[in-house]
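The structure under discussion appears below in the form of structure tokens.
Just so you know, these numbers use all the heavy atoms, side chains as well, and skip hydrogens, waters and symmetry mates.
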Amino acid sequence: MRSLWHAVRIPDAPEPFDTAVLKVHYPALVTGSDEERLSGNFRADPANAPYPVVLILSGINVGQDAYRWLATDLASRGFAAVTYDWVGPLFAGQVGLTPGVDLALAKPDTYGQGPTCQAIAPIISALSGLLDGALDTTRLALVGHSAGGTVALQSGRFFSGVRAVATYGAHTMVSTMLGWPAGTIAPAHVESPVLLLAGTEDGVIADSADRYQATGDHDPVSRTFDEALQDRGGEHVLAWLQGGNHFSIADPVDPTSARAFLDRPSTVDGASARAAIAGLLATFLGTHLRGEPAAEADESLLKIRRR
């Protein structure tokens, strides 16, 4: 597999915070040509092209390199996996790495009027012109971590090519600072199967309960599965990674950025956790992007519910 760098402008984002840098990981054809030797550029392997696309949406202030292990794993399984970095507007005048969060469309009177992630549309548009048509954006999955997962759940139905949404450490409980009543679970705006993955030792979600003025047992992931999604006859999946924490999906974890300092220690080996995440995700995506028969997941580290 190989990767390709690209960049896109984000409409209506203020300069200089208006550009996202993409990296497209894809199955490549190695021919030993002079073009490859001199440029380092490799064409997409035509054998199984065009490839379904997996767009990975990061957590706040988590760089795309933290998901390179996942992107390369997915590319090795015949998907094109796209990561990106966008230094853009965050909250209260701050800037930082963001998946793209449009707070104007996350309020009670505007929610559901459009995608809360401004980056998805320009990235999809840019991908259609890359790698000589080897990327099939009509078979698209949104895979998000933390805030990236939240905006994926809030945005999926606004893009016709989205056939699956998967998240890790994400939910649709909405902040009271945006005008929502305490403890509100907003409906997910998806028309596809959803996989919600989370770690049982997630300290970031646990330590963020005051954002939502949540009371009692703060479990917004399970509540999202039960309240934000409509039944799909078992196609929706909730999977708890036993011993995993909020950053089990990230490798490496940057201790100087984001909120990893809030996390609880993972009680499962990092490589084992990532293997469990990638295996379940690849099975889910294979079913809904390529029409492969549903396979049984390795549940040795996962506790799974379906609806």
Item to check | Nonpolar side-chain network containing I185, other nodes, edges under 4.5 Å | outcome: M173, Y212
Next on the checklist: Is it the case that the side chain of D136 and the backbone of P52 share a donor-acceptor pair, with hydrogens and angles ignored and the cut-off at 3.5 Å?
Outcome noted: no
Checklist entry - With a 4.5 Å limit on heavy-atom distance, are the side chains of V143 and Y168 in contact? => result no
Checklist entry - Under a single-linkage definition using a 4.5 Å side-chain heavy-atom cutoff for Ile, Leu, Val, Met, Phe, Trp and Tyr, are I60 and L103 assigned to the same hydrophobic cluster? => result yes
Next on the checklist: Under a 3.5 Å distance rule, please check whether R307 uses its side chain to pair with a backbone N or O of L229 as donor and acceptor.
Outcome noted: yes
Checklist entry - Is a side-chain N or O of R290 found less than 3.5 angstrom from the main chain of G78, in a donor-acceptor match? => result yes
Checklist outcome for this item: Separation between NE2 (H25) and CG (L70), nearest 0.5 Å, reads 9.5 Å
Checklist entry - If only atom types and distance count, is the side chain of S146 paired as donor or acceptor with the main-chain N or O of G148 below 3.5 Å? => result no
Next on the checklist: Contact between T150 and L153 at the side-chain level, heavy atoms closer than 4.5 Å - yes or no?
Outcome noted: no
Checklist entry - Between the side chain of S266 and the main-chain N/O of V268, is any donor-acceptor distance below 3.5 Å? => result yes
Next on the checklist: Under the side-chain contact (heavy atoms from CB on, under 4.5 Å) test against V53, which residue among I124, L140, T138, I123 passes?
Outcome noted: L140
Next on the checklist: I'd like to know whether CZ of R232 has more than 12 heavy-atom contacts from other residues, nucleotides or ligands below 6.0 angstrom.
Outcome noted: yes
Checklist entry - Between the side chain of Q118 and the main-chain N/O of V101, is any donor-acceptor distance below 3.5 Å? => result yes
Checklist entry - Does D226 come within less than 4.0 Å of R305, counting only side-chain N to carboxylate O? => result yes
Checklist entry - What pair of heavy atoms forms the shortest contact from P99 to L57, and how long is it? => result CB-CB, 4.2 Å
Item to check | Residues T137, F159; criterion side chain to side chain contact (heavy atoms under 4.5 Å, CB included); working and verdict | outcome: CA-CA 10 Å; T137 56; F159 302 97; over 6 Å; no
Next on the checklist: Suppose we screen for ring-ring contact (aromatic ring centres under 6.0 Å, His included). Which residues come up paired with Y111, at least two apart in sequence or across chains?
Outcome noted: W180, H189
Item to check | Any donor-acceptor N/O pair, D254 side chain to G63 backbone, under 3.5 Å | outcome: no
Next on the checklist: Heavy-atom count check: over 12 atoms from other residues, nucleotides or ligands less than 6.0 Å from E292 CD?
Outcome noted: yes
Item to check | Distance-minimising heavy-atom pair for V190 and A152 | outcome: CG1-O, 4.2 Å
Checklist entry - Does A66 have any side chain to side chain contact (heavy atoms under 4.5 Å, CB included) partners at least two apart in sequence or in another chain, and if so, which? => result V62, A250
Next on the checklist: Return the NE2 to OH distance between H145 and Y67, rounded to the nearest 0.5 Å.
Outcome noted: 5.0 Å
Item to check | Spacing of CZ belonging to R211 relative to NE2 belonging to H218, to within rounding of 0.5 Å | outcome: 10.0 Å
Checklist entry - Is the closest basic N to carboxylate O distance between D219 and R223 below 4.0 Å? => result no
Checklist entry - Quick one: does L131's side chain get under 4.5 Å of Y51's, heavy atoms only? => result no
Item to check | Nearest-0.5 Å distance that lies between atom CG in L74 and atom CE in M1 | outcome: 10.0 Å
Checklist entry - Can you hop from V151 to V162 via hydrophobic side chains spaced under 4.5 Å? => result yes
Next on the checklist: Quick one, W86 with V8, criterion side chain to side chain contact (heavy atoms under 4.5 Å, CB included). Give me CA distance, side-chain angles, the key distance, then yes/no.
Outcome noted: CA-CA 10 Å; W86 174 22; V8 299; over 6 Å; no
Checklist entry - When rounded to the nearest 0.5 angstrom, what is the spacing between NE2 in H288 and OG1 in T283? => result 10.5 Å
Checklist entry - Does I10 reach the side chain of T19, with side-chain heavy atoms less than 4.5 Å apart? => result no
Checklist entry - How far does CD1 of I56 sit from CD1 of I249, to the nearest 0.5 angstrom? => result 7.5 Å
Next on the checklist: Are the side chains of H246 and I205 in contact, using a 4.5 Å heavy-atom criterion?
Outcome noted: yes
Checklist entry - Does one hydrophobic cluster hold both L289 and V165, with members joined at side-chain heavy-atom distances below 4.5 Å? => result no
Checklist entry - Are any non-hydrogen side-chain atoms of T287 and F284 less than 4.5 angstrom apart? => result no
Next on the checklist: Can you give me the closest heavy-atom contact between T267 and E201, atom names plus distance?
Outcome noted: OG1-CG, 4.4 Å
Next on the checklist: Donor-acceptor pair, distance only, cut-off 3.5 Å: does the side chain of T172 make one with the backbone of A186?
Outcome noted: yes
Checklist entry - Out of curiosity, does L280 fall in the hydrophobic cluster containing F225 (side-chain heavy atoms, cut-off under 4.5 Å, transitive links)? => result no
Checklist entry - How far apart are the closest heavy atoms of P252 and D65, and which atoms are they? => result CD-O, 4.1 Å
Checklist entry - Between L127 and L55, does a side chain to side chain contact (heavy atoms under 4.5 Å, CB included) hold up when you go through it step by step? => result CA-CA 10 Å; L127 293 176; L55 178 58; 5.6 Å; no
Checklist entry - Going hydrophobic residue to hydrophobic residue with side-chain gaps under 4.5 angstrom, can you get from Y84 over to W5? => result no
Item to check | R2 side chain to G40 backbone, donor-acceptor under 3.5 Å | outcome: yes
Checklist outcome for this item: Of all heavy-atom pairs linking R77 and A282, the shortest is CD-CB, 3.4 Å
Next on the checklist: Testing the basics here: between L178 and P108, what is the closest heavy-atom pair and its distance to 0.1 Å?
Outcome noted: O-CD, 3.2 Å
Checklist entry - If you measure only the distance, is there a donor-acceptor pair under 3.5 Å linking the side chains of R259 and S208? => result yes
Checklist entry - Between the main-chain N or O of P220 and the side-chain N or O of T224, is there a donor-acceptor pair closer than 3.5 Å? => result yes
Checklist outcome for this item: Residues passing the side chain to side chain donor-acceptor pair (under 3.5 Å) test with D45, sequence neighbours excluded, are none
Item to check | Summary of salt bridge (Lys or Arg N to Asp or Glu O under 4.0 Å) pairs that have at least one residue in residues 10-37, sequence neighbours excluded | outcome: R9-D18, D34-R37, E35-R43
Checklist entry - Have N245 and S248 got a donor and an acceptor in their side chains that come within less than 3.5 Å? => result yes
Checklist entry - How does the hydrophobic cluster around L97 look, that is, which other residues are in it when side-chain heavy atoms under 4.5 Å mark a link? => result F17, V87, V95
Item to check | Minimum side-chain heavy-atom gap S155-I120 below 4.5 Å | outcome: yes
Next on the checklist: What verdict does the side chain to side chain contact (heavy atoms under 4.5 Å, CB included) test give for N61 and L90, after you've listed the backbone C-alpha separation in whole Å, the side-chain angles of each residue and the deciding distance to 0.1 Å?
Outcome noted: CA-CA 10 Å; N61 284 322; L90 294 176; 4.1 Å; yes
Checklist entry - Under 4.5 Å between any side-chain heavy atoms of L302 and L197, yes or no? => result yes
